[in-house]
Amino acid sequence: MRDISLARMIDLTRIADPRGNLTFLQNGSAELPFDIRRVFYIYDVPAGATRGGHAHYRGEELLVAISGSFDVLLDDSATKKRFTLNRPYQALYIPAGLWREMDNFSSGSVCLTLSSEPYSEDDYIRDYDEYCKYQLS
Ligand code: TYD
């Protein structure tokens, strides 16, 4: 059973500057729970759309609302928890094995995802019933 309590918000380094703020992530820093092996981002999300709808066997992820806001609904098949991401200096850590959906994307929002794994469809569980069975295994 992969437990939802392992998910958490992480405060990233924020270098405040009158010229504009700056946040960085680099492998090896204490705030990163894993080494980054892949980056992708979701943008131009139409109003009302839902993304995600899957779990990963191995992949750990950090999600950041680089611009705008969206919600992430996490589910371990026993408990659900909703996080609102709306700060470029905060990341949601999603350990392996949690079901996730993203919705409530604001206009112009961008969801940056940092992953511990290269892309592999073999790492996805895309069927919720199958996920619930996996959680019982
Ligand atoms: P999908 O998993 O449906 O996106 P999300 O869960 O974020 O809503 O991915 C959409 C498509 O993009 C799907 O065909 C797989 C492909 N894809 C890649 O080729 N590489 C990647 O790193 C990711 C995340 C997706």
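All figures in this text were calculated on a predicted structure; none of them were measured in a lab. For ligands, and for the atoms within them, numbers begin at 1 and follow the listed sequence. Below, all heavy atoms of this structure are taken into account, side chains as well, without hydrogens, waters or symmetry copies.
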Q: Are Y128 and D75 side-chain neighbours, meaning at least one heavy-atom pair lies under 4.5 Å?
A: yes

Q: Using a cut-off of under 3.5 Å, which N/O atoms of ligand 1 pair up with protein N/O atoms, and what distance separates each pair?
A:
from: ligand 1; atom 1: 2 (O); to: R126; atom 2: NH1; distance (Å): 3.2
from: ligand 1; atom 1: 2 (O); to: R126; atom 2: NH2; distance (Å): 3.0
from: ligand 1; atom 1: 4 (O); to: R51; atom 2: NH2; distance (Å): 3.1
from: ligand 1; atom 1: 6 (O); to: G52; atom 2: N; distance (Å): 3.3
from: ligand 1; atom 1: 6 (O); to: H54; atom 2: ND1; distance (Å): 3.2
from: ligand 1; atom 1: 8 (O); to: R51; atom 2: NE; distance (Å): 2.7
from: ligand 1; atom 1: 8 (O); to: R51; atom 2: NH2; distance (Å): 3.1
from: ligand 1; atom 1: 8 (O); to: G52; atom 2: N; distance (Å): 2.9
from: ligand 1; atom 1: 22 (O); to: R38; atom 2: NH1; distance (Å): 2.5

Q: Would you tell me whether E117 and H56 have side-chain atoms, one donor and one acceptor, within less than 3.5 Å of each other?
A: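 Side chains of E117 and H56: no pair found under 3.5 Å.
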
Q: Are C111 and L63 packed together at the side-chain level, in the sense that at least one heavy-atom pair is separated by less than 4.5 angstrom?
A: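 When only atoms from C-beta onward are counted, L63 and C111 do touch, with a gap below 4.5 Å.
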
Q: With R2 as the cation and Y134 as the aromatic partner, state whether NZ or CZ is under 6.0 Å from the six-membered ring centre and within 45° of the axis.
A: yes

Q: Short question: side chain of D76, backbone of T79 - any donor-acceptor pair under 3.5 Å?
A: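 Side chain of D76 to backbone of T79, a donor-acceptor pair under 3.5 Å: yes, one is there.
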
Q: Does a donor on one side chain sit under 3.5 Å from an acceptor on the other, for T84 and N86?
A: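 T84 vs N86: no donor-acceptor pair found between side chains.
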
